[in-house]
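Below is one structure, written out as structure tokens; the observations come after it.
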Amino acid sequence: MSVRKWARIRSPWLIHFNTGGCNGCDIEFVAAITPRFDVERFGIKLQGSPRHADVLGVTGPITMQITKRLVRIYRQMPEPKFVVAIGTCATSGGPFKDCYSVHGGVDTVIPVDVYIPGCPPKPEAIIYGIAKLLNKLSGSGSGGEDNGGHTQKT
Amino acid sequence: MSYGSTIKVPFGPQHPALKEPEYFLFEVDGDIVVKVTPRIGYVHRGVEKAFEQETYLHNLYLAERICGICSHAHTTCYTQTVEGLIPLEVPPRAVYIRLIMAELERLHSHSLWVGIAAHEAGFDTLFMYLWRDREMIMDLMEEISGNRVTHAINTIGGVRRDITSEQANKIKKFMDKFEANVKEYMKVLETEQTFLKRTKGVGILKPRDAISLCAVGPTLRASGIKSDVRADDPYLAYGEIPFNVITHDGCDVYARTIVRCEEMIESANIIRYALDHLPEGKIKVPPPRTIAPNESVGRVEAPRGELIHYARSNGTAKPERYKVRAPTLGNLASVCQTLIGAHVADIPMILAGIDPCFSCMDRVVIINKDA
Amino acid sequence: MVLYEIVGVFIYPGIAFLFGLAFLYEWIDRKFFARVQNRIGPLYTGRSGILQPVADFIKLLSKEDIVPASCEKPIFSVIPIVYATLPLIALFVIPITGSALIAFEGDVIFLMFVSALITLTVFLAGWSSAGSFSRIGSIRSALQMLSYEIPFGLALIGPAISTHSLSLTKIAQWQAANSSWFLWLQPIGFAVVLISLLAELELVPFDIPEAETEIVAGWLTEYGGRRLALFRLGKDLELVMASTLVASLYLGGAQPLFFIPPVVILILKSIIVLLLISFIRAIFARFRIDQMTSGMWTYLLPLMIVQILLVQFGIGG
Amino acid sequence: MSLFREAARQILRKPATVKYPFEPGIVPPGLRGRPVWDMEKCILCVLCQNACPTAAIKMIPKGPDAGIEYHLDRCIFCAECADACPRKAITITTNFELADTSRSTMVQHYKKPQQAQTQAAKT
Amino acid sequence: MEDILKRLEGYKDNIIEIKRPKERRIFVRVKSDGFKNFLSRLIEDLELRHLSTITGVDLGQEMELLYHFSYKYSVEISVGVKVPKSAPKVPTITDLIPGAIFYEQEIHDLLGIEFEGHPNMGPLIVPEGWPEGVYPLRKEYTVQELNRIARGGR
Ligand code: SF4
Ligand code: SF4
Ligand code: SF4
Ligand code: SF4
Ligand code: SF4
Ligand code: SF4
Ligand code: SF4
Ligand code: SF4
């Protein structure tokens with residue numbers, strides 16, 4: 001495993017973005033950084049600025065109004081970047097999939113690397129999902145726009 | 001300190017101080033806010049329209065997902081409103097179980113909020129402690145209902161799960177522990193100078209304004225107005241349980257914090273009392289599938305204040321109109337008022353002060369043409 | 001001569017050592033901070049997560065490099081390097097091994113100059129990236145500097161007056177010779193230095209220029225990838241600088257004890273300072289910028305003047 | 001300074017963190033996780049499909065594929081389907097570790113065993 | 001409660017019907033002419049200081065506005081008034097109760113009822129670029145249609 005890859009797996013910084021969810025997923029996501037679950041164990045840090053982040057955690061069905069902002073935040077993140085859809089809403093639109101102001105899952109707008117179903121997923125389930133993402137990074141599997149750091153623009 | 005003449009400072013939609021995307025446009029003179037224009041709608045999922053498309057039972061789950069923080073308040077209000085349409089008598093044991101869940105939810109929501117307020121003030125350690133202790137409540141709710149956040153315990157005509165006597169004992173034990181911890185943190189909040197400096201005298205909402213701007217919940221009570229739907233318009237079993245309505249005369253963010261802390265202690269008392277007086281019997285009665293034309297208003301004291309639902313049935317299995325007014329919309333006018341004249345650095349504190357949850361405010365469609 | 005020295009400094013193997021120290025300090029800080037919050041902190045990267053800062057650094061280096069369109073490109077690119085070098089230069093004058101790498105009479109003044117320069121780079125960093133949050137952050141950091149720099153300078157002068165020297169090495173040696181620490185002799189000065197350093201390092205309660213809940217990441221908002229890596233390295237080095245500075249000025253510096261080499265003693269002492277800083281930042285809430293400036297002027301400055309007067313009249317030195 | 005005492009106490013105390021996923025998570029017995037179907041019991045009565053608020057269940061009434069199509073990516077784990085089932089064919093498990101890297105694997109097809117189907121048709 | 005009902009008797013001229021489905025709930029339907037005048041008298045007389053919310057219902061040819069007032073925060077009095085769809089105009093009550101500002105704005109967004117004298121009838125929750133004259137809560141718009149409009153078609 002190259003040093004780069006090692007470093008990437010060990011230091012996934014997250015940014016969290018609510019795209020119209022009901023807060024359920026958001027509070028569970030925040031609960032994952034608190035003492036009981038403490039995702040800093042994995043080197044995960046919550047970032048405020050998309051420029052600093054590696055992983056975008058999206059909660060909620062994509063409302064029409066938020067779409068542009070979501071895409072903008074995604075663009076502002078430097079490569080390599082990954083997207084985690086947290087909750088059923090972000091996975092498929094969930095209970096709101098038929099509402100006319102909603103796009104549906106995150107993958108209708110930006111590529112997603114890991115889906116975490118649950119309404120809301122327990123913090124444990126979120127950690128499990130992130131572990132799955134890290135697993136995927138260390139293995140050969142690549143999805144979404146992950147180009148494994150091979151296409152570094154400098 | 002001055003950043004120049006009047007400039008416009010956007011706040012949101014993605015901003016770390018807001019857990020949810022909302023947008024405020026501030027006009028700032030130097031360091032002082034002179035004008036606020038809110039632009040909500042980023043979380044609009046069109047739920048009110050969606051209510052008209054689904055059956056009453058399915059709508060229960062939609063109502064639950066109006067908001068994840070006080071999901072139980074929404075389902076309680078929903079069931080109360082729909083049972084008012086039929087009308088349906090809910091068995092007393094179910095009423096008590098609903099009430100216990102509602103108070104547990106208030107505990108989780110208030111401790112979440114006090115944590116967020118501390119975090120907003122840069123007081124991360126207290127945030128961590130509060131959220132650590134909040135896990136106790138989450139565990140209880142998970143054990144009773146099967147999920148930490150969306151409990152899905154209410155159903156039209158009763159509740160879906162019972163509270164066993166072991167669970168009741170466990171709840172009582174946890175309540176004692178939690179109450180002791182809350183008292184400890186209250187002492188911290190009352191004496192920590194850096195926190196007091198950020199909250200005392202910040203975001204003043206005078207009682208007169210609080211009434212005329214229709215503020216609700218802890219925001220209203222922190223301005224010294226004694227109003228609580230639980231006491232004024234008792235639903236569930238609140239009429240049978242003795243409890244105090246907490247008020248505070250501070251009118252500032254500090255007062256809102258203290259009101260919420262004291263309400264937590266009060267909630268713990270209510271839960272203990274309710275568990276001791278839990279009636280025996282059935283936990284649900286079957287509801288009819290279709291509902292004759294009628295109309296009904298339900299009110300619930302959600303953790304953030306008065307929540308009001310209005311339903312109108314038309315004889316089918318689906319409602320004709322369903323209206324939700326969540327507490328945050330009720331408080332929006334008052335928070336815009338209190339923001340005027342505030343320091344830029346205080347904006348997050350004041351906004352957090354009403355415990356905003358925009359997800360329940362933006363009910364209806366928001367659609368971007370070029371989306 | 002000077003040029004030769006500077007080149008010599010840069011190829012000095014000590015740099016790698018200082019980098020290592022910087023990462024170690026960050027790890028200690030994070031671990032301890034987590035511990036105070038009843039958490040574990042980094043755990044799986046290396047033993048007990050000790051390699052976490054290294055992993056962060058490497059990861060940031062390997063990230064895509066984005067330059068926002070509206071920023072001042074030349075400044076935007078150079079500033080991170082400057083920011084990382086400045087604390088490094090400052091570290092050379094701190095007597096880490098008992099005597100500093102470059103020691104000269106007046107390096108206390110030099111140190112103050114460097115710390116002011118650091119703030120200037122912060123200001124430029126925020127300003128050049130042109131985002132509104134960055135600009136607010138940079139203005140805040142400049143304001144903050146105006147208020148803590150003077151008490152900080154005065155505090156540094158306290159020991160200098162007592163030892164009749166403006167050299168850090170001499171101040172440290174004076175304490176060894178008199179077998180008394182300035183911590184005991186000038187406690188007010190110690191407290192003021194600690195508070196000013198918290199402000200310099202932008203830590204709670206003075207993390208106003210990068211207050212996350214108010215202005216995202218302040219002046220750092222627009223920086224990502226390699227630039228952010230350099231800023232973080234610079235910050236860690238600053239942390240080393242601050243804690244070793246306090247250790248040499250107030251805790252007796254690198255006095256040898258039994259067979260333990262002086263370097264180790266100094267590092268241990270500075271780690272104690274580091275833990276103190278960590279603890280302080282855990283138990284306070286953030287001030288508002290106007291509260292911070294007025295607080296510095298109304299409390300710290302008079303306190304410091306009292307301290308200097310005490311020293312002048314022969315008390316505490 | 002008021003947090004001083006509490007904070008100082010934490011230094012000596014064991015962290016509250018659980019080491020999940022390296023040790024099992026806290027799972028109460030009643031946790032609502034993933035529903036599973038027992039197709040031996042199912043009589044394809046469509047009640048669960050109707051009960052589901054998010055249309056996560058699709059029943060295929062006839063043919064060789066007859067059975068239940070379950071969409072994990074839509075399910076909100078409300079357990080209404082299990083309550084609705086007249087034959088108790090649906091069990092709500094406590095499995096919450098459902099994250100996956102692809103959505104296509106989240107649709108599960110439970111087929112009705114052929115012989116049981118014919119039996120059901122007979123009765 | 002009885003007291004309120006008795007006092008409401010005094011306004012017989014303006015009131016069409018009074019319903020009292022259960023404790024602490026009163027529905028009052030009033031005539032639309034002279035509505036504002038009547039409402040301000042009612043607010044004064046009964047001390048209806050707290051406005052819980054305003055509901056708008058589309059009845060087909062007409063729309064109904066329900067003002068949910070709280071009498072001393074205890075009794076919920078819903079005052080209903082009908083507005084013709086062809087000329088959806090009512091006077092604002094923000095001068096009587098300033099807190100009504102966002103409720104009225106919301107109703108304007110969703111049902112297209114004009115509140116005369118309201119300080120800002122601009123959009124509150126519909127997005128920039130939302131076509132004027134499309135009001136999602138009106139019955140003539142089905143979900144499918146709104147979906148189409150939302151995605152750019154008209
Ligand atoms: S998945 Fe469930 S909890 Fe999460 S945002 Fe959607 S509705 Fe809320
Ligand atoms: S750490 Fe930042 S992003 Fe996270 S909750 Fe706090 S303000 Fe929000
Ligand atoms: S007020 Fe907030 S917490 Fe309550 S339901 Fe609404 S969004 Fe949720
Ligand atoms: S914001 Fe309000 S209207 Fe919108 S979905 Fe939530 S509860 Fe419903
Ligand atoms: S399987 Fe039998 S009981 Fe069930 S729906 Fe069909 S006919 Fe009715
Ligand atoms: S679920 Fe009930 S109402 Fe629906 S089709 Fe079956 S029998 Fe009829
Ligand atoms: S648990 Fe609820 S959402 Fe999931 S399949 Fe069953 S009824 Fe549908
Ligand atoms: S309700 Fe039960 S028996 Fe009927 S189709 Fe579903 S699983 Fe089969």
Side-chain angles (χ1 to χ4, degrees), chain A residues 15-38 40 46-50 59-73 76 87-89 93-103 108-109 118-125, chain B residues 12-21 23 41-47 49-50 53-54 58 61-62 64-71 74 108-109 112 115-116 119 127-135 138-139 142 147-150 152 357-360 362 364-371:
Chain A
I15 183 167
H16 163 223
F17 190 49
N18 181 333
T19 54
C22 76
N23 290 348
C25 290
D26 309 65
I27 58 175
E28 292 296 74
F29 181 82
V30 176
I33 66 167
T34 57
R36 166 83 80 84
F37 304 103
D38 189 23
E40 200 187 356
L46 218 53
Q47 293 293 335
S49 163
T59 54
I62 317 291
T63 57
M64 301 274 171
Q65 176 86 331
I66 211 79
T67 315
K68 264 200 292 191
R69 272 89 184 175
L70 175 66
V71 172
R72 189 159 87 215
I73 285 200
Q76 280 179 348
T88 300
C89 282
F96 306 109
K97 67 178 182 322
D98 287 333
C99 297
Y100 45 108
S101 55
V102 166
H103 263 297
T108 54
V109 181
C119 187
K122 276 160 79 80
E124 278 109 327
Chain B
Q14 201 270 335
H15 188 285
L18 296 170
K19 291 290 162 294
E20 297 143 69
Y23 182 80
Y42 288 90
V43 198
H44 266 326
R45 293 162 293 187
V47 168
K49 192 85 179 176
Q53 320 295 321
E54 292 276 4
H58 288 182
Y61 292 93
L62 215 48
E64 187 163 45
R65 277 151 190 82
I66 284 170
C67 165
I69 305 177
C70 45
S71 60
H74 275 285
H108 116 75
S109 174
L112 170 146
I116 295 285
H119 170 74
F127 160 74
M128 291 290 181
Y129 292 166
L130 272 160
W131 279 60
R132 177 194 62 198
D133 295 338
R134 178 176 160 271
E135 289 298 326
M138 302 308 275
D139 282 348
E142 188 175 28
N147 197 315
R148 289 158 52 95
V149 175
T150 46
C357 313
F358 297 101
S359 79
C360 60
D362 294 0
V364 198
V365 231
I366 285 320
I367 304 152
N368 236 341
K369 215 163 121 194
D370 42 11

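What's counted below: heavy atoms across the whole structure, side chains too, no hydrogens, waters or symmetry copies. In the text below, chain A, chain B and the rest are named by the order of the sequence lines, each starting its count at 1.
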Write down the atom of B:Phe127, the atom of A:Val30, and the distance for their closest heavy-atom approach.
CZ-CG1, 3.8 Å

Side-chain heavy atoms of B:Arg65 within contact of A:Cys89, under 4.5 Å
no

Atom group of B:Glu142 that falls short of 4.5 Å from chain A, counting heavy atoms:
side chain

Measure distances from A:Phe29 to the heavy atoms of chain B and classify the residue's part below 4.5 Å as side chain, backbone, both or neither.
neither

May I ask you to name which of B:Met138, B:Met128, B:Glu64 has the most heavy-atom pairs under 4.5 Å with chain A?
B:Met128

Whatever's closer than 4.5 Å to a heavy atom in chain A on B:Asp133 counts as neither

To the nearest 0.5 Å, tell me how far A:Glu28 CD sits from B:Thr150 OG1.
8.5 Å

For a side chain to side chain contact (heavy atoms under 4.5 Å, CB included) with A:Arg36, tell me which candidate from B:Arg134, B:Glu135, B:Arg132 qualifies.
B:Glu135

Which atom pair, heavy atoms only, marks the closest approach of A:Ile27 to B:Trp131?
O-CZ3, 3.6 Å

Can you see which heavy atom on B:Asn147 is nearest to which on A:Pro120, and at what distance?
OD1-CD, 3.9 Å

